[in-house]
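A short write-up of the structure that comes next.
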Amino acid sequence: MCGIVGYLGYREAYPILINGLKRLEYRGYDSAGVALIDGTGKLNVYKSKGKVSDLEAFVQTKSSEGNIGIAHTRWATHGEPNQINAHPHYSSSENLALIHNGIIENYGVLKEMLIHNGYEFKSSTDTEVLVQLIEFIRNKEKTDLVSAVQIALSRIVGSYAIAILEKNNPDCIIAARKSSPLVVGVGNGEYFIASDATPIIEYTSSVIYLNDKEMAILHRYDGLKIVTLDNEELAQVVVKLEVTLSQLEKGGYEHFMLKEIFEQPRTILDCTRGRINIDGTNVALSGIIDHKQKFLNARRIIIVACGTSWHSALIGEHLIETMCRIPVEVEYASEFRYRNPVINNDDVVIAISQSGETADTLAAVELAREKGAFIYGICNVVGSSIARRTHTGSYIHVGPEIGVASTKAFTGQVTVLVMMALTLAKERGTIDERYFRDVVSELNKIPQKIEEILIQNDMIRQLAIPFTYARNFIYLGRGVSYPVALEGALKLKEISYIHAEGYPAAEMKHGPIALIDAEMPVVVLATKSSVYDKVVGNIQEIKARKGTVIAIVTKGDSEVGKMADFVIEIPPTIECLDPLLSSIPLQLLAYHIAVNKGRDVDQPRNLAKSVTVE
Ligand code: G6P
């Protein structure tokens with residue numbers, strides 16, 4: 001949450017910063033700001049409420065000169081989203097400007113201390129406390145800026161990724177991180193900093209991922225130094241980026257979300273590439289094979305995740321329990337970390353996170369590590385914090401996901417979980433060879449089958465029209481389709497702001513059935529499965545109460561069509577892979593309803609793609 005970008009070099013900084021903020025806007029978009037030092041040594045700070053485009057409009061008539069600067073796009077935590085609370089924040093003397101991603105938990109006591117020492121505050125943010133604290137220490141201890149920042153950060157409780165500019169020191173940016181991501185880009189005679197690598201890749205593919213409690217000192221003449229908060233200099237580990245610029249563009253689609261939905265045939269192929277053998281008969285995940293004993297000895301698997309990744313985790317529970325016969329527990333990372341969970345050293349903890357930066361999931365990983373569990377990460381963003389804090393893992397390799405509502409990352413996560421379950425089941429001997437081969441062979445056909453669903457996009461667009469003004473939706477599924485119902489409901493509420501609930505189909509009788517009347521659309525996952533007949537029974541219960549049923553069915557089904565008001569067909573597949581197909585029409589349905597309502601599909605209100613605060 002909150003995006004940070006900085007530039008120091010020979011080019012005009014402002015266009016680089018604005019472009020960078022636009023790439024980071026998925027992290028937050030309620031206000032934005034920029035600080036630049038121009039050729040005369042003047043430090044200009046410009047801020048505005050709203051999106052980066054609002055900031056651009058605001059700066060249009062002002063001087064945006066300078067080849068050093070820092071910029072920020074905000075997702076409010078402390079203080080409402082307005083111009084005053086937007087970053088960068090000045091220190092009292094206006095000599096320092098600071099941007100921050102994270103939360104300073106002890107800001108209250110620090111603020112009191114600073115007020116006692118004569119400091120005044122303009123905003124209600126925790127960030128302004130930090131910049132004032134740095135200035136206070138700088139003046140009181142008569143230290144240089146680096147030492148003042150180090151002392152200030154050692155007094156802070158909480159999380160931060162920060163960047164600071166000093167007016168009297170116009171050739172230097174200082175950046176530091178703890179629990180919030182920060183990447184340094186190393187160009188030829190220029191440096192970049194950013195919350196992730198996306199603002200940097202246009203300029204250089206060489207990056208350094210800062211670790212917790214590390215600080216980067218970028219200097220025009222002295223070069224780059226990475227130091228600890230105790231000022232111990234560290235070796236610079238430069239990593240080559242693999243993301244390309246075209247992966248970050250919309251590629252002709254109206255929204256990133258639509259592009260990402262349509263990318264899924266390819267992203268699933270990318271995810272399975274090198275993991276399924278050439279003739280499509282075997283699957284092996286190296287993360288499992290290399291740590292076979294940990295998994296074979298595991299008495300229990302705990303999966304921790306948030307949001308859409310938590311829904312994938314529920315599918316993972318179903319797959320691993322069915323195929324591998326290992327008990328699996330699925331936990332919201334935010335609950336797990338605060339309830340003193342029982343974790344043993346023969347537990348395996350799987351952390352699922354698209355961004356690899358979700359604060360609660362990262363904290364759950366740290367907790368499980370402390371308690372001795374073996375940790376496996378399923379992440380998308382290469383080099384992300386969670387990927388680096390787990391013992392091993394598998395990337396989903398679906399490429400950058402920009403739309404705030406997760407689509408291709410969900411199917412990528414499920415694909416990895418299928419491959420995990422297959423690999424593990426084979427090692428444990430808990431499934432027969434024939435079933436193993438059937439699942440692998442079907443997994444190979446999934447990209448083609450998703451293509452067949454995507455062809456129905458126009459039909460789904462039409463189908464969405466009558467639901468534009470629906471006020472509520474219910475999504476029902478059973479077995480492995482229950483998490484798909486949860487995910488379908490989440491997609492709809494995230495981007496259309498229509499209230500939607502996902503429920504296990506049979507459980508509907510214990511409450512939600514009271515909501516059903518002619519005004520209530522009910523999306524039912526009714527594909528051919530071991531619980532098909534039961535779901536048909538549930539559809540009858542809805543129709544008896546005049547609910548409007550939109551059913552997702554297996555191609556060729558004739559029974560459900562007689563009862564449902566609308567039907568979307570998906571190709572047949574093996575039951576455990578059904579979520580990879582049935583989730584696609586639900587993504588499209590949510591997308592078209594949100595577009596019809598004129599919603600900001602890629603950047604829905606109040607949400608952020610990467611939730612780096614707890
Ligand atoms: C946010 C995003 C969701 C995502 C969730 C977990 O809420 O808007 O799309 O599912 O965070 O994120 P992660 O990166 O850990 O998968």
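One-based numbering, in listed order, for ligands and for the atoms of each.
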What residue and heavy atom of the protein are closest to atom 8 (O) of ligand 1, and at what distance?
Ala608 O, 3.0 Å
Residue and atom name of the nearest protein heavy atom (relative to atom 6 (C) of ligand 1), distance in Å to one decimal
Cys306 O, 3.4 Å
Does atom CZ (Arg471) have a neighbourhood of more than 12 heavy atoms from anything else shown, all under 6.0 Å?
no
Among all protein heavy atoms in this structure, tell me which lies nearest to atom 9 (O) of ligand 1, with the distance rounded to 0.1 Å.
Val404 O, 3.2 Å
Please list, in number order, the atoms of ligand 1 under 4.0 Å from a heavy atom of Ser406.
9 (O)
For ligand 1, which part of Thr308 has a heavy atom less than 4.0 Å away: the side chain, the backbone, both, or neither?
both
How far is atom 15 (O) of ligand 1 from its nearest protein heavy atom, and which residue and atom name does that atom have?
Thr358 OG1, 2.4 Å
Name the option, out of Ile352, Leu490, Val611, that contains the heavy atom nearest to atom 11 (O) of ligand 1.
Val611
Gln413 to ligand 1: N or O pair under 3.5 Å?
no
Are side-chain N/O atoms of His318 and Tyr482 paired as donor and acceptor at under 3.5 Å?
no
Check this for me: Glu451, atom CD, are more than 12 non-hydrogen atoms of other residues, nucleotides or ligands nearer than 6.0 Å?
yes
How far is atom 16 (O) of ligand 1 from the closest protein heavy atom, and which atom is that?
Ser309 OG, 2.6 Å
Arg275 (side chain) donor-acceptor with Val283 (main chain) under 3.5 angstrom:
no
Could you grab the distance from atom CG of Leu130 to atom CD1 of Ile162, nearest 0.5 Å is fine?
5.5 Å
If you measure every N or O of Thr361 against every N or O of ligand 1, does any of those distances drop under 3.5 Å?
no
Verify the neighbour count for atom NZ of Lys294: are there more than 12 heavy atoms of other residues, nucleotides or ligands below 6.0 Å?
no
Test item: side-chain donor near acceptor, Lys491 and Thr308, under 3.5 Å:
yes
